Every structure is written in C-alpha cells, then in structure tokens.
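Worksheet: the structure to be examined is printed underneath.
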Amino acid sequence: MGIRARRTPLRTVLARPAPEAARGLLGCLVTAGDVTVRLTEVEAYGGVGADPASHAHRGRTPRNGIMFGPPGYAYVYFVFGMHWCLNVVVEPAGQAAAVLVRAGEVVDGLDTARLRRGAAVPTRDLARGPARLTTALGIDKSADGTSLVDGSGPLTLAPPTAPVDAIASGPRVGVVGGADTPWRFWLAGDPTVSAYRPHVARRPR
DNA sequence: AGTAGGATAATCT
DNA sequence: GATTATCCTACTG
C-alpha cells in the first residue's frame, strides 16, 4: 500500500467551482510560523449575484476586492468586532468566489497554539471554529491579500499527506441568505469539526 | 446537554 | 444606524 499523492496540482483544484475547490481543500495543511493545521471543515461562497450569503454578492468593495483576483490568495476579514476569519480565494480571476476555513486539527506547533488559545482549551478545540483557527495560527489583517501558494506570504497551503476519506456536506453556519445551499463540507466523523448552530436573528435593542 | 444573551468594531447603506 | 460567514459565559434542566 502506501500513501497516494494528490494527482491534481493544488492550483488546479483551487481554480475549480467553489464547492469542488472546497472539497479539495479538506485534508490540506495550512502553516503559519511553527503552527500547522489540517483542514477538517470548510464552506464555499459564490460570486456576484450568485450567492446571497457571499461577501461578493453585491459586488466589489474595498474589503472583498481580493476575492475578484486569482485563486490561492487569502481573504481575511474582521467580524463581530473581535474575530478574524480566513478564506482561500478560488475560481479563476474575475470570478469572486472563496472558501471559508472553518475548522482544523492542529498537527504541529501545539505549544504555540495553546499559548494563543489558552492552556485550559482542550486539544480538539484549538482550531475548532473559524475564529479559533485563526487565533491558533496567529492570523490577522496582515495575512489579508497574501498568497498561500507561492511562498511569498505568512501562510502556506500544502496538499493532504494522507488520503481523504468520507466527506459530508450540509447547510452553512450563521448565514441568512442561501441557508438552504449545502455548501459546508467536512471530514465525516472528525472530532475537530465545529458544532452546527443555525443562525438566530437578533432583535435590535 | 443545550441555549440565550452580551461583547465589540469594521463595513456598508 | 444596521448588520455581522463568532465565541464565551451563565443559566436551566
């Protein structure tokens, strides 16, 4: 037997339609400094006018501009006044699509990840959630717009080191529009996949 | 175990 | 001024 390497180059996978690119990202490794995370949960987001849940749905803005460029770049945004989320830009340049990285397993740099997340945090929870993952990796605004595939930025994306088994899918977390689109993908049975929480509308105060 | 509410600020209308 | 691709704490059972 032996490990079968991915036959398709990563860049080719990322250029595919968002849901396919999302599947291809599962099992991939993201490295920042001495911390490496194996991706176990992602969500696909489509382009202008195609996906009401996407930041690009209403067109280009200063924030989402990177989504309109070539695949393999990081789209990092700040949400809820305190959290950073990491996306990988996918589909060819001109098509504004991205894949939100929602969770992963810390496979290297456990000590650093625990320092950032807190000593009391269980190992499986270190990167179990979009903002938890960016915290574990030390990702913030400085990673926005950098390449994950050419070695020029703080982040590095690498293909899976082992075959990826069963992939499950379902509705995305925390979105209002497009709530019925099953564009959330995760490794079936993996303990580091985040708990699904349906969106709850909050009333004005 | 499950859920409700608050924190907190960039972004866009 | 409203909204938000979340997380943590506190509370109920």
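Below, chains carry the letters A, B, ... as their sequence lines are ordered, and counting in each starts from 1. All values derive from a computational prediction rather than experimental measurement. Both backbone and side-chain heavy atoms feed into the values below; hydrogens, waters and symmetry mates do not.
Within the 4.0 Å cut-off from OP1 or OP2 of dT6(C), at least one side-chain nitrogen or oxygen of Arg102(A) is found. Contact annotation: Arg132(A) reaches the phosphate of dC8(C) (side-chain N/O to OP1 or OP2, under 4.0 Å).
Distances were taken from every side-chain heavy atom of Leu100(A) (C-beta onward) to each of dC12(B), dA5(C), dT6(C); the shortest belongs to dA5(C). Closest approach to the Val176(A) side chain among dA5(C), dT4(C), dC12(B) is made by dT4(C) (side chain taken as heavy atoms from C-beta onward). Nearest nucleotide to the Arg117(A) side chain, out of dC12(B), dC8(C), dT6(C): dC8(C). Candidate nucleotides dC12(B), dT8(B), dA5(C) were compared by shortest atom distance to the side chain of His55(A), and dA5(C) ranks first. Distance from the side chain of Phe80(A) is smallest to dT6(C) among dA5(C), dT13(B), dT6(C). Across dT11(B), dT4(C), dT8(B), the shortest atom-to-atom separation from the side chain of Met82(A) is found for dT8(B). Closest to the side chain of Met67(A), from the set dA5(C), dC8(C), dC7(C), is dA5(C).
Here the P atom of nucleotide dC12(B) and the CG atom of Asn64(A) are 7 Å apart, to the nearest Å. To the nearest angstrom, C1' of dT11(B) lies 18 Å from NE2 of His57(A). Counting to the nearest Å, the P atom of dC7(C) and the CZ atom of Arg116(A) are 17 Å from each other. Between the CH2 atom of Trp84(A) and the C1' atom of dT4(C) there is a distance of 14 Å, given to the nearest Å. Remark: C1' of dA7(B) and CZ of Phe78(A) are 11 Å apart, rounded to the nearest angstrom. In this structure, Leu133(A) places its CG atom 13 Å from P of dT6(C), rounding to the nearest Å. Rounding to whole angstrom units, CZ of residue Phe185(A) and C1' of dA5(C) are separated by 15 Å. Note: CZ (Arg58(A)) to C1' (dT3(C)) measures 10 Å, nearest angstrom.
Proximity of a side-chain donor or acceptor of Glu43(A) to a complementary backbone N or O of Val173(A) within less than 3.5 Å is detected. Panel note: side chain Arg117(A), backbone Asp125(A); a donor-acceptor pair is recorded below 3.5 Å. A distance-only check finds no donor-acceptor pair linking the side chain of Arg102(A) to the backbone of Pro130(A) [under 3.5 Å].
A ring-ring contact (aromatic ring centres under 6.0 Å, His included) with His55(A) holds for exactly one of Tyr45(A), Phe78(A), Phe68(A), Tyr77(A); it is Tyr77(A).
Summarising the geometry, atom OG1 belonging to Thr134(A) is positioned 7.5 Å from atom CG belonging to Leu86(A); distances are rounded to the nearest 0.5 Å.
Pair assignment for dA5(C): none, as no Watson-Crick or G-U wobble contacts are both less than 3.5 Å.
With hydrogens and angles ignored, a donor-acceptor pair under 3.5 angstrom links the side chain of Tyr77(A) to the base of dA5(C).
Here Ala53(A) lies in heavy-atom contact (under 4.0 Å) with a base.
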